[in-house]
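Remarks on the structure that follows.
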Amino acid sequence: MAAGTLLEAGLARVLFYPTLLYTVFRGKVPGRAHRDWYHRIDPTVLLGALPLRSMTRRLVQDENVRGVITMNEEYETRFLCNSSKVYNWSPEEAIRAISKIRSHIHIRSGQLEVLKEFHRDMTAGAANKETYHTSQT
């Protein structure tokens, strides 16, 4: 089973860039072969393909994009996207950092508890994932 999973992961990495190139091509050709890169779902949501760095200014200015949720693998976003830095902050540290930038944002105690629970779940999940990877090697 582990060999099959490794094969799938390797195949996905090998095929990623050719399929991305094909998607970019389809976005640029006119006519019936054209495929839009994204579609507006409602006034606040766009749904589409991987937002490339070259699209950032247009997405921010024309579409008012303020954040991106991606389900891509890290290797898919490493070179082509504006990726955020990972700081590994506690919820309290993150709130202090946000407050320095956006002083009008206030986190209520209930919201802080939700953030703490999410942080606990994420760090526990990361620890379990690391344990899994370590035991497999």
Side-chain angles (χ1 to χ4, degrees):
M1 174 99 160
T5 302
L6 279 173
L7 184 60
E8 285 178 23
L11 185 60
R13 285 174 183 243
V14 168
L15 293 177
F16 172 70
Y17 289 105
T19 58
L20 177 62
L21 183 62
Y22 176 75
T23 304
V24 169
F25 171 76
R26 294 285 303 263
K28 294 193 181 295
V29 297
R32 293 182 62 207
H34 176 78
R35 294 292 180 264
D36 289 327
W37 200 261
Y38 57 86
H39 298 279
R40 183 159 292 285
I41 302 302
D42 66 24
T44 59
V45 177
L46 294 175
L47 180 63
L50 183 70
L52 303 175
R53 285 184 183 151
S54 62
M55 299 174 180
T56 302
R57 178 168 283 127
R58 183 177 41 142
L59 287 170
V60 170
Q61 291 176 351
D62 297 348
E63 299 292 347
N64 198 29
V65 170
R66 297 294 178 249
V68 173
I69 298 172
T70 180
M71 296 177 65
N72 293 82
E73 297 288 339
E74 182 183 343
Y75 70 88
E76 295 173 336
T77 61
R78 183 177 304 139
F79 303 113
L80 302 171
C81 300
N82 291 317
S83 298
S84 63
K85 295 179 182 176
V86 177
Y87 292 97
N88 295 318
W89 287 335
S90 70
E92 294 83 2
E93 291 169 321
I95 290 168
R96 279 194 296 276
I98 291 170
S99 296
K100 288 179 184 176
I101 300 168
R102 303 276 190 262
S103 59
H104 64 283
I105 295 176
H106 300 285
I107 306 296
R108 295 187 306 269
S109 60
Q111 292 171 313
L112 178 58
E113 291 308 313
V114 170
L115 286 172
K116 285 180 179 179
E117 181 180 344
F118 177 75
H119 183 259
R120 272 193 307 273
D121 292 348
M122 291 289 93
T123 53
N128 289 341
K129 186 176 179 181
E130 182 62 32
T131 302
Y132 174 77
H133 287 298
T134 304
S135 66
Q136 294 296 313
T137 55

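Below, all heavy atoms of this structure are taken into account, side chains as well, without hydrogens, waters or symmetry copies.
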*Can you tell me how far OG1 of T44 sits from CD of E63, rounded to the nearest 0.5 angstrom?*
12.0 Å
_Donor-acceptor contact present, side-chain R26 to main-chain V29, <3.5 Å_ = no
_So, taking the atom named CG in L59 and the one named CZ in R57, what distance separates them when rounded to the nearest 0.5 Å?_
12.0 Å
*Under a single-linkage rule joining Ile, Leu, Val, Met, Phe, Trp and Tyr whose side-chain heavy atoms are separated by less than 4.5 Å, which residues share a cluster with L7?*
none
*Neighbour count >12 (heavy atoms, 6.0 Å) for atom OH, Y17*: yes
_If we ignore hydrogens and angles and just use 3.5 Å, is the side chain of R108 paired with the main-chain N or O of G110 as donor and acceptor?_
no
*Spatial distance of atom CD (E113) from atom NZ (K116) [nearest 0.5 Å]*: 5.0 Å
*Answer yes if M55 and V24 sit in the same cluster of Ile, Leu, Val, Met, Phe, Trp and Tyr residues linked by side chain heavy atoms under 4.5 Å apart, and no otherwise.*
yes
*Is there a donor-acceptor pair under 3.5 Å between the side chain of Q61 and the backbone N or O of R58?*
no
*Do L21 and F16 come within less than 4.5 Å of each other through their side chains, counting heavy atoms only?*
no
*Where the side chain of D36 meets the backbone of H39, is there a donor-acceptor pair that is under 3.5 Å apart?*
no
*Check for a donor-acceptor pair, side chain of W37 on one end and backbone N or O of T23 on the other, with a separation under 3.5 Å.*
no
*Considering only heavy atoms from C-beta outward, does the side chain of L112 approach that of P91 to under 4.5 Å?*
yes
_Within the structure provided, determine whether I41 and L46 are in side-chain contact (heavy-atom separation under 4.5 Å)._
no
*Begin with the C-alpha distance, continue with both residues' side-chain angles, and end with the deciding distance and a verdict on side-chain contact (heavy atoms from CB on, under 4.5 Å) for K28 and H34.*
CA-CA 7 Å; K28 294 193 181 295; H34 176 78; over 6 Å; no
*Can you find a side-chain donor-acceptor pair between D121 and H119 that sits under 3.5 Å?*
no
_salt_bridge(R13, E76) N-O dist < 4.0 Å_ = no
